[in-house]
Protein chains: 4
Amino acid sequence: MARGINKVILVGNVGNDPEVKYTQGGMAIAKVSLATTSVRKDRDGNTQERTEWHRVTFFGKLGEIAGEYLKKGSQVYVEGSIRYDKYTGQDGIERYTTDIIGDEMQMLGGRGDGRGDNAGSSGGFAPRRDASQGGYQKKPEATPAPAAAADFKDFGDDDIPF
Amino acid sequence: MARGINKVILVGNVGNDPEVKYTQGGMAIAKVSLATTSVRKDRDGNTQERTEWHRVTFFGKLGEIAGEYLKKGSQVYVEGSIRYDKYTGQDGIERYTTDIIGDEMQMLGGRGDGRGDNAGSSGGFAPRRDASQGGYQKKPEATPAPAAAADFKDFGDDDIPF
Amino acid sequence: MARGINKVILVGNVGNDPEVKYTQGGMAIAKVSLATTSVRKDRDGNTQERTEWHRVTFFGKLGEIAGEYLKKGSQVYVEGSIRYDKYTGQDGIERYTTDIIGDEMQMLGGRGDGRGDNAGSSGGFAPRRDASQGGYQKKPEATPAPAAAADFKDFGDDDIPF
Amino acid sequence: MARGINKVILVGNVGNDPEVKYTQGGMAIAKVSLATTSVRKDRDGNTQERTEWHRVTFFGKLGEIAGEYLKKGSQVYVEGSIRYDKYTGQDGIERYTTDIIGDEMQMLGGRGDGRGDNAGSSGGFAPRRDASQGGYQKKPEATPAPAAAADFKDFGDDDIPF
DNA sequence: TTTT
DNA sequence: TTTT
């Protein structure tokens with residue numbers, strides 16, 4: 001019986017173009033690193049800065065959207081949960097990983113790349129140019145058109161009046 | 001184009017047994033009041049306490065679960081969004097309402113009712129006894145068995161490995 | 001005794017330049033409207049869009065920062081709580097208001113990549129030009145220099161190692 | 001310049017009595033494991049359950065409160081941030097840890113009805129009996145009386161009217 | 001290691 | 001209207 005809430009909310013900048021691969025069943029898995037930086041004053045009055053790099057994974061349709069629209073430098077809102085895994089490396093040593101499994105994503109800042117070279121775009125968010133070659137594995141079949149970059153939230157129950 | 005995040009997280013105690021009604025299409029709509037109380041010290045060192053009463057609405061399957069399992073006094077986690085509405089009363093005066101539209105709910109505290117009279121129950125959360133008469137409107141048709149009280153989160157994509 | 005969590009997380013666009021006033025004790029109170037828009041498909045496959053306008057209030061130092069840095073159109077992250085109030089208008093009619101009391105704020109989108117080509121700028125977010133005249137009431141005394149626009153989070157305990 | 005939001009919200013059950021130690025400066029550091037369990041149906045209709053064990057650390061006053069009031073089995077709400085660290089073990093191997101740094105905590109479920117029959121108790125949550133011996137290190141000096149177990153949120157600015 |  |  002389920003017990004508990006495991007929720008993560010991140011706003012940060014993506015450190016790399018997404019890596020996208022597909023399961024045998026054709027489900028997309030997109031991975032990015034996401035940086036969140038915080039500042040504080042230490043007791044000497046000096047400003048201290050610290051950056052956490054989150055490994056964020058998106059599955060399914062959201063993985064496809066992330067693979068299309070996120071790129072190095074994008075500022076993004078991510079909501080998801082923390083997942084801890086353990087594996088044994090080829091060297092026989094047990095290692096641990098922590099991943100954020102994203103279940104909602106929203107691009108921020110209009111022209112989130114900051115390279116500003118897509119002037120003339122009416123919206124600000126464009127698919128990455130190399131998206132069709134991107135990732136390290138092709139999707140085996142035709143990709144359904146990604147949902148508008150708009151809001152990536154899944155609205156489950158179509159009956160619900162907003 | 002969607003822009004924005006509108007997210008509310010509440011943990012509080014329910015002030016009343018849920019009111020449940022059904023749309024013509026058979027969708028459940030459950031409403032409860034939820035109290036969240038905060039304390040702080042004022043500048044005189046006195047403890048000040050303030051309670052907010054949130055109007056929480058659950059639609060669809062979650063509405064059915066809420067109608068079955070929540071009752072006056074239940075401690076509950078609710079995640080949802082804020083919705084503002086405006087209507088004109090019969091007196092011709094415009095009025096405004098604020099509702100929390102719940103899209104996740106989880107009961108807290110094991111036997112959240114405190115009436116402890118359902119001894120023998122193996123779990124602690126039992127449907128309200130009067131659920132079948134509850135609310136102010138009957139559901140027009142047979143209610144599908146509610147999901148286990150367990151975890152009320154909708155897991156959208158069955159492909160996603162946890 | 002306090003019971004409950006009342007937390008709101010918003011990402012949206014500001015609808016107006018902030019209104020700032022000061023209490024007799026000199027505490028800033030800044031108010032803005034913040035829009036969050038969501039989209040969904042209705043059962044006919046049409047895209048439906050709905051915008052909520054949140055009334056957001058910032059107190060104290062955060063109110064000063066909001067008053068300086070937010071302006072109409074700013075995209076912003078806000079974390080806070082919901083507060084419901086009731087008052088009786090001059091017409092003798094009871095009315096209700098809902099406000100989001102912000103306790104954390106972070107500006108978004110301002111060339112978040114850091115590769116900005118206007119090197120020499122300290123960061124991308126500039127105070128509003130008319131900030132010194134802004135608002136509808138002056139602060140009675142000298143304003144302490146606002147914290148760097150950077151991260152508006154209050155780090156309470158200086159002892160805590162990040 | 002700070003950029004980003006790194007926020008975690010957990011509701012779960014504590015797996016062990018807290019371990020509390022103190023820095024040379026006398027600051028408490030309390031650590032607990034917190035379990036969050038989720039369920040979902042796999043594609044064969046079988047119920048799958050998965051538990052994440054979060055390492056949660058509380059510093060300062062909140063660490064003292066956690067050390068006093070949390071115990072194995074407690075249900076608790078925690079809000080904080082994720083922190084990743086890397087260290088080299090005595091075996092010379094680099095290892096990584098992930099911790100949740102708690103900055104708000106609230107105990108849940110403590111006889112949420114309030115009609116409790118052990119009148120005379122001040123409230124439902126009692127300090128752990130062995131708190132004075134608890135943890136694996138003593139605090140070097142007198143502990144300031146912990147804040148009421150009530151609400152552990154730090155209200156920063158005493159001027160703020162709720 | 002928790003909880004249901 | 002809840003809860004402590």
Side-chain angles (χ1 to χ4, degrees), chain A residues 1-6 84, chain B residues 10-19 31-39 47 49-56 69-78 106-115 118 121-126 147-152, chain C residues 1-6 84, chain D residues 10-19 31-39 47 49-56 69-78 106-126 147-152:
Chain A
M1 188 130 58
R3 299 282 296 173
I5 298 295
N6 170 0
Y84 307 99
Chain B
L10 303 174
V11 174
N13 292 280
V14 170
N16 59 307
D17 285 355
E19 295 177 352
K31 293 177 183 288
V32 293
S33 289
L34 184 65
T36 58
T37 301
S38 60
V39 285
T47 293
E49 190 170 311
R50 183 181 159 102
T51 297
E52 306 301 332
W53 282 99
H54 309 269
R55 298 161 31 117
V56 181
Y69 288 92
L70 292 182
K71 57 190 138 192
K72 188 174 179 175
S74 300
Q75 190 181 35
V76 68
Y77 170 95
V78 173
Q106 194 162 123
M107 294 186 70
L108 301 174
R111 222 172 53 255
D113 64 324
R115 290 174 213 150
N118 58 350
S121 159
S122 64
F125 296 121
D151 187 356
F152 303 115
Chain C
M1 189 130 59
R3 298 282 296 173
I5 297 295
N6 170 1
Y84 307 100
Chain D
L10 303 174
V11 175
N13 292 282
V14 170
N16 60 307
D17 285 355
E19 294 176 352
K31 293 177 182 287
V32 294
S33 289
L34 185 65
T36 59
T37 301
S38 60
V39 286
T47 294
E49 191 169 310
R50 182 181 160 101
T51 296
E52 306 301 332
W53 282 100
H54 309 269
R55 298 162 30 118
V56 182
Y69 288 93
L70 292 183
K71 57 187 141 198
K72 188 175 179 174
S74 300
Q75 190 181 33
V76 69
Y77 169 95
V78 173
Q106 194 162 124
M107 295 186 69
L108 301 174
R111 225 177 48 256
D113 63 323
R115 284 172 235 148
D117 47 12
N118 58 348
S121 157
S122 62
F125 296 121
D151 188 356
F152 304 114

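Here is the naming used below: chain letters follow the sequence lines, and residue numbers restart at 1 for every chain. Because only heavy atoms are used, hydrogens play no part in the values below, and waters and symmetry mates are left out as well, while side chains stay in.
In this view, Thr51(B) and Thr37(B) satisfy the side-chain hydrogen bond (donor to acceptor under 3.5 Å, both in side chains) rule, not counting sequence neighbours. Taking the side chain to side chain contact (heavy atoms under 4.5 Å, CB included) definition, one finds that Asn6(A) meets it with Ser81(A), Ile82(A), Leu10(D), Thr36(D), Glu52(D), His54(D), sequence neighbours left out.
In this structure, Gln75(D) atom CD and dT2(E) atom P are separated by 15 Å, rounded to whole Å. Between Leu70(B) atom CG and dT1(F) atom P the separation is 20 Å, expressed in whole Å. Remark: P of dT1(E) and CG of Asn13(D) are 16 Å apart, rounded to the nearest angstrom. Atom CD in Glu52(B) sits roughly 16 Å away from atom P in dT2(F) (whole-Å rounding). A straight line from OH of Tyr77(D) to C1' of dT2(E) spans 20 Å, rounded to a whole angstrom. One atom, NZ of Lys72(D), and another, C1' of dT1(E), lie 6 Å apart when rounded to the nearest Å. Atom NE2 in His54(B) sits about 15 Å away from atom P in dT2(F), given to the nearest Å. To the nearest angstrom, C1' of dT3(F) lies 10 Å from CZ of Phe125(D).
When the nucleotides dT3(F), dT2(F), dT2(E) are ranked by their closest atom to the side chain of Ala35(B), dT2(F) comes out on top. In the set dT2(F), dT4(E), dT1(E), dT1(E) carries the atom at the smallest distance from any side-chain atom of Asn16(D).
One distance of note links CG of Asn13(B) with CZ of Arg3(C); it measures 6.0 Å at 0.5 Å rounding.
With Asp17(B) contributing its side chain and Lys71(B) its backbone, the two residues share no donor-acceptor pair below 3.5 Å.
Per the stacking criterion (ring centres < 5.5 Å, plane angle < 30°), Trp53(B) stacks onto the base of dT1(F).
Contact of Ser33(D) with dT2(E) (side chain to base): no donor-acceptor pair of N or O atoms is detected under 3.5 Å.
Using a 4.0 Å heavy-atom cutoff across all strands shown, Thr51(B) reaches at least one base atom of the nucleic acid.
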